[in-house]
Protein chains: 2
Amino acid sequence: MTTIKEIAQRAGVGTTTVSRYLNQSPHISEQAKQKIEKAINELDYVPSASAKYLRKQETKQIGVVVSRITNPYFSSLFNKIERILNQFGYEASIMQTYDNPIAERKIIDKLKNQTFDALLMASIEDKDYIKSVLQENGNKIVLVNETINGCEKDSVSVDQYTPVVSGLEYLNKNYGSEIVYITGSNFFENKHGNQRNKAYREFLQKHQYELNQNMIFSNAHNIADGKEIAQKLLVNSSLPNAIFTNSDEVAIGVIAELKSKGIQVPEEVAVMGFDDQPLASYVQVPLTTIQQPINALANNACRLLLNKLQVSNSLMNENLQLSLIIRQSA
Amino acid sequence: MTTIKEIAQRAGVGTTTVSRYLNQSPHISEQAKQKIEKAINELDYVPSASAKYLRKQETKQIGVVVSRITNPYFSSLFNKIERILNQFGYEASIMQTYDNPIAERKIIDKLKNQTFDALLMASIEDKDYIKSVLQENGNKIVLVNETINGCEKDSVSVDQYTPVVSGLEYLNKNYGSEIVYITGSNFFENKHGNQRNKAYREFLQKHQYELNQNMIFSNAHNIADGKEIAQKLLVNSSLPNAIFTNSDEVAIGVIAELKSKGIQVPEEVAVMGFDDQPLASYVQVPLTTIQQPINALANNACRLLLNKLQVSNSLMNENLQLSLIIRQSA
DNA sequence: ATGAAAGCGCTAACAG
DNA sequence: CTGTTAGCGCTTTCAT
């Protein structure tokens, strides 16, 4: 392993000068520069990351926390974030929790142990814990499309309430009042924190529909979960008019299972997705879904983070709005 | 920032003892243990990663290089790799090149600067460069489903030649001899390195079909590329019998464009995917495709890497085989 | 424009 | 079972 010392010796200068060269400090003689460059090339020298980090007490690395990278909403969001952050001299890494609070804690440890200078969290498991971390490290975490009561200033998020109400009203008007509701959270435990769940509750209240536990499904995340829910629905004597899901992937699973049993979508049951993932328009029944403004979300999140880190930037605050995209599934 | 020294002071022991505690060394008195635990909790201490890495000259971090995380083949592969590596005390990070050799070099620098102890490369841009790196750091890189001439022992890969021939023969037999060929590489520059391209060339030769430049498309990677190729095809007076693609995403784009112009798939043009990505069976025309044995690939790659790193493991060498999955698109 | 030297937080001889 | 100390490779004061 080549070190700065060896480069210095070979170039016949001090380590300081090499370090200055590495950090493009201005005051170096052309001569020294040449010799250093030569030595670096000859020895294929790359400065040690950990030595630098230890000394500078910063890494310029940002962790982006998501529940799973296979979810296209998260991977698209990450791509956009990475590109923005790179422009400001930061590097981004995507970290997944697999919806597991223990994995989440390990990632938070990487903030505390200074692997990351800061974290962008697009997914949260243990709100109480994250809240406590936020108390200590308020300027090192930004929540992306996630909220914690009392931490509003650390969060960049789209109002989820209004579009969910619109989606439900759309379903109600066009397909009927029996609407199954699927969430990735736990509907009954998570009574207050979740805007989408709140929207469903209040939609029911407004129309004086009764809350039916059998029409609510929690903890759904992927295609397999969607299939499973559809199977449960299919054992009932009658099908609902519509199904409101929390993610396109879940919707895809629901539709696949329904169609495999000969049920027509949306004629017999309408299904609404969420996110508008890249493949939403290419699946067997193109998805009617609620689109996340991913680019604007990424932009605003990076803007808030850079401000917290006190790096000057000209990022503008973009308007965040979810919109209903009507295709064929509902 | 809390340091080991502060913990030592507060607990009334030396730093060594704290370090021993941190590294679960056996010889510590119960009393010391208690005091250290107390101090750690009170101060919310997490050991600095860079200090540890610098001192130990290893990070237990493995980088997994892919061209893009949004490609489900890569993200599924990464997930499997991550789980395996975790079992052996390593952590994995997914790094994307966006098909850009400069980004690739930056990732290689992270190997040289010791951010990563080793790299698993599922995607390669600059073969000559990677070959030279392999010469210096042969035991720190494993190629996953990529090959470089002369570096066979550093590579774990599925024979791509045979299944491509099978796929082409299948198309030829069922749909006719005019088969468009799409690759993610550059077909005409990359004459020898690519098994899939070689299979196409030899398929043509065997049947004495002529190689038609207009039927070959290079550098295709995603849905948009697929659409674009289909558009080019559509301006011709006659359509080919079939289209052989290099990835399900490209196939999805091709099919979407074709169908939007009223062309029936596979009746008018058959389309074959590649990879068997998770969504392959859920798209508008379920994809006939060639399945990558992702789990086995991940297993064998990790096995080779762990062996190179001299960590004992009981991973068995699994049989690697691509298989043709026939659904509806061809 | 350049160098000597201190020190970032940790681990591992070594000594006891 | 425990502590002292050197040193991993780098940046940064402080001289000159």
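Naming convention: chains lettered A, B, ... in sequence-line order (proteins, then strands); numbering from 1 in each chain.
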Exercise for the section: Go through the structure and list residues passing side-chain contact (heavy atoms from CB on, under 4.5 Å) with A/Glu82, not counting sequence neighbours. Expected result: A/Phe78, A/Asn79, A/Asn86, A/Ala92, B/Gln96, B/Tyr98
Exercise for the section: Sort and list the pairs that fulfil salt bridge (Lys or Arg N to Asp or Glu O under 4.0 Å) and have at least one residue in residues 34-44 of chain A, not counting sequence neighbours. Expected result: A/Arg10-A/Glu42, A/Lys38-A/Glu42, A/Asp44-B/Lys112
Practice task
Just jot down the side-chain hydrogen bond (donor to acceptor under 3.5 Å, both in side chains) partners of B/Asn100, sequence neighbours excluded, or say none.
Solution key: none
Exercise for the section: Using the test side-chain hydrogen bond (donor to acceptor under 3.5 Å, both in side chains), find all partners of A/Asn307 that sit at least two apart in sequence or belong to another chain. Expected result: A/Asn313
Practice task
For DNA chain D, note the earliest and the latest nucleotide, 5' to 3', having some atom under 4.0 Å of a heavy atom belonging to chain B.
Solution key: D/dC1 to D/dG9
Fill in the blank from the handout: The complete set of salt bridge (Lys or Arg N to Asp or Glu O under 4.0 Å) pairs with one or both residues in residues 140-149 of chain A, sequence neighbours excluded, reads none
Problem - Sequence-aligned protein contact record of nucleotides 1-10 of chain C, with B where the base is within under 4.0 Å of a protein heavy atom and S where only the sugar-phosphate is - result: SBBBBBBBBB
Completion exercise
Residues at least two apart in sequence or cross-chain that pass side-chain contact (heavy atoms from CB on, under 4.5 Å) with B/Thr16, listed by chain then number, are B/Arg20
Practice task
Please list all pairs passing the salt bridge (Lys or Arg N to Asp or Glu O under 4.0 Å) test where one or both residues lie in residues 92-107 of chain A, with sequence neighbours left out.
Solution key: A/Arg68-A/Asp99, A/Arg105-A/Asp126
Handout entry: Which residues share a side-chain contact (heavy atoms from CB on, under 4.5 Å) with A/Asn139, sequence neighbours left out
Key = A/Lys308
Practice task
Note the angle between the end axes of the helix from C/dA1-D/dT16 to C/dG16-D/dC1, five pairs defining each, rounded to 10 degrees.
Solution key: 30°
Practice task
Ignoring hydrogens and angles, tell me if any N or O in the side chain of B/Asp275 forms a donor-acceptor pair with the backbone of B/Ser247 under 3.5 Å.
Solution key: no
Show which side-chain atoms of residues 58-65 of chain A pair as donor or acceptor with protein atoms under 3.5 Å away, not counting sequence neighbours.
from, atom 1, to, atom 2, distance (Å)
A/Thr59, OG1, A/Gln61, N, 3.1
A/Thr59, OG1, A/Thr115, O, 3.1
A/Thr59, OG1, A/Asp117, OD1, 3.3
A/Gln61, NE2, A/Tyr53, OH, 3.4
A/Gln61, NE2, A/Glu91, OE1, 2.9

